[in-house]
Amino acid sequence: MRSTNDISRRHVLSLAGAAGGLAFTGLQAAYAQSPKKIEQLDPALANLIDTAQPIQELATGFGGDLGPAEGPLWWKEGGYLLFNDIHRSRRMKYTPGPGGAKGVVTVDHEPTNQANGLTRDIAGRLISCEHETRRVTRRELDGSLTVIANSFQGKRLNRPNDVIVKSDGCYYFTDPGAFAVPNQWDLQYSGVYRVTPDLGTISLLVDTYIVPNGLAFSPDEGVLYINDSRRGHIKAYDMQPNGMLARASERVFADLTGPEPGVPDGMKVDVAGNVYCGGAGGVWIMDSKGKKLGRIVHGQPATTNIGFGGADWKTLYFVSRSTLFSVNLKVAGIPVPVAGKRS
């Protein structure tokens with residue numbers, strides 16, 4: 001029998017996970033008493049959101065200490081939101097009520113292999129980053145499962161976290177974890193990768209991050225944003241025509257550190273190029289130049305991920321370790337799946 005003092009490898013990984021893993025239960029209980037508000041830092045915020053609206057708490061009780069709620073993804077055809085309860089290895093479904101009323105949450109699928117980030121590719125298939133199996137997968141339209149990536153140059157991936165799809169069909173994902181328990185991994189760095197649509201080529205884009213986490217494209221896909229949860233900032237890169245990063249263009253887009261709890265995690269961009277990302281104290285809203293316009297202070301110590309939804313893509317859904325929230329926006333988010341390029 002294993003001693004109760006023996007911490008399993010999975011438990012170590014769960015505690016060290018990048019997605020909200022810096023928040024502790026006591027801190028969460030104390031910080032949850034903070035008043036909810038939409039904080040305006042620049043007049044331009046009024047063009048994006050009504051700051052007087054309440055922040056809607058839609059559902060709670062997910063995740064817990066060993067793994068947060070994550071990966072909100074709007075499924076437009078069905079009119080519902082999918083998100084993951086990582087530790088319980090469940091994919092949840094939130095269906096809004098009629099006329100904007102609070103909806104209901106049901107279990108959509110289990111087990112998920114402790115899936116984290118979710119997206120859809122240009123064919124509408126569900127893409128998942130699985131922690132437990134250390135891979136990125138695709139659920140085919142017939143229900144079968146395809147592995148998009150589980151290794152690089154013969155070495156297993158660490159712990160895929162978040163994933164996006166470009167209009168040319170290429171998959172981009174982050175793979176942190178190397179610095180959490182470095183002796184456990186085949187790869188001794190945390191990477192950001194690109195996989196071609198035919199799944200034939202996987203390329204390492206950058207390996208200089210401590211905890212690469214959320215990532216998102218600008219509306220024209222000319223810029224890729226990647227955040228580093230440990231360093232507390234978002235970096236931006238110009239894209240080359242071949243889908244790789246112009247590394248010389250690397251710059252810090254925004255620093256989201258501060259005295260309140262929270263680190264950069266999930267990240268999304270609206271159709272006007274504004275960037276939404278979790279950080280210290282809540283969800284930060286920045287313009288395309290990185291200027292901070294405002295912050296959604298939701299009273300939780302971490303924002304684990306965000307996603308646009310609703311029939312017009314003007315609902316911003318976001319999750320903390322335990323709770324699903326929403327606010328209404330005046331500008332639509334970039335739809336998922338993104339429209340594929342026509343040949």
Under a 3.5 Å distance rule, please check whether [X] uses its side chain to pair with a backbone N or O of [Y] as donor and acceptor.
| X | Y | answer |
| --- | --- | --- |
| Lys37 | Pro54 | no |
| Arg295 | Ala280 | yes |
| Asn242 | Met244 | yes |
| Asp270 | Ala332 | no |
| His131 | Thr133 | no |
| Lys292 | Ala254 | no |
| Lys102 | Leu58 | no |
| Gln240 | Leu245 | yes |
| Ser288 | Asn274 | no |

Of all residues at least two apart in sequence or in a different chain, which pass the salt bridge (charged side-chain N to carboxylate O under 4.0 Å, His left out) check with [X]?
| X | value |
| --- | --- |
| Asp108 | Arg91 |
| Asp50 | none |
| Asp42 | Lys291 |

- Message: Does anything in residues 136-161 form a ring pair (Phe, Tyr, Trp, His ring centres under 6.0 Å)? List the pairs, not counting sequence neighbours.
- Response: Phe152-Tyr193
- Note on the structure: For residues 232-273, the ring pair (Phe, Tyr, Trp, His ring centres under 6.0 Å) pairs (sequence neighbours left out) are Tyr225-Phe253
- Query: Side chains of Cys277 and Asn227: does their closest heavy-atom pair fall under 4.5 Å?
  - Reply: yes
- Message: I want to check something: taking the side chain as every heavy atom from C-beta on, are Val206 and Ile226 in contact at a cut-off of under 4.5 Å?
- Response: yes
- All ring pair (Phe, Tyr, Trp, His ring centres under 6.0 Å) counterparts of Phe308, not counting sequence neighbours: Tyr276
- Message: Could you work out, with side-chain contact (heavy atoms from CB on, under 4.5 Å) as the rule, every residue matching Asp162, not counting sequence neighbours?
- Response: Thr174, Leu215, Asn305
- Query: With Thr201, which residues qualify under side-chain contact (heavy atoms from CB on, under 4.5 Å), at least two apart?
  - Reply: Thr196, Ser203
Return the [atom1] to [atom2] distance between [X] and [Y], rounded to the nearest 0.5 Å.
| X | Y | atom1 | atom2 | result |
| --- | --- | --- | --- | --- |
| Tyr317 | Gln56 | OH | CD | 10.5 Å |
| Lys93 | Leu81 | NZ | CG | 11.0 Å |
| Trp313 | Ile334 | CH2 | CD1 | 11.0 Å |
| Asn150 | Leu157 | CG | CG | 6.5 Å |
| Gln40 | Leu45 | CD | CG | 5.0 Å |
| Asn113 | Cys129 | CG | SG | 12.5 Å |

- Message: Side-chain heavy atoms under 4.5 Å apart, restricted to Ile/Leu/Val/Met/Phe/Trp/Tyr: what other residues fall into the cluster of Leu145, or is it alone?
- Response: none
- Quick one: name the residues clustered hydrophobically with Leu126, using the 4.5 Å side-chain heavy-atom rule over I, L, V, M, F, W, Y, and just say none if it's on its own. Leu73, Trp75, Tyr80, Leu82, Leu118, Val336
With no hydrogens and no angle check, do the side chains of [X] and [Y] hold a donor and an acceptor under 3.5 Å apart?
| X | Y | result |
| --- | --- | --- |
| His298 | Ser320 | no |
| Glu57 | Thr323 | no |
| Thr304 | Glu70 | no |

- Message: Is there a path of hydrophobic side-chain contacts, each under 4.5 Å between heavy atoms of I/L/V/M/F/W/Y residues, joining Ile306 to Val271?
- Response: yes
- Task: Would you kindly confirm whether Val136 and Val147 end up in one hydrophobic cluster when ILVMFWY residues are joined by side chain heavy atoms under 4.5 Å apart?
- Result: no
- Task: Test ring pair (Phe, Tyr, Trp, His ring centres under 6.0 Å) on Phe83 and Phe62 and set out the steps.
- Result: CA-CA 10 Å; Phe83 64 98; Phe62 311 106; 5.1 Å; yes
Identify every side-chain donor-acceptor pair in residues 164-173 under 3.5 Å, counting partners at least two apart or on other chains, and give the distances.
residue	atom	partner	partner atom	Å
Ser167	OG	Glu221	OE1	2.7
Ser167	OG	Glu221	OE2	3.4
Asp168	OD1	Cys170	N	3.0
Tyr171	OH	Asp121	OD2	2.9
Tyr171	OH	Arg138	NH1	3.0
Tyr172	OH	Arg194	NE	3.3
Tyr172	OH	Gly243	O	2.7

- What residues, two or more places apart in sequence or in another chain, satisfy side-chain hydrogen bond (donor to acceptor under 3.5 Å, both in side chains) together with Arg231? Asp228
- Task: Could you point out which residue of Asn161, Ile210, Val211 forms a side chain to side chain contact (heavy atoms under 4.5 Å, CB included) with Ser229?
- Result: Val211
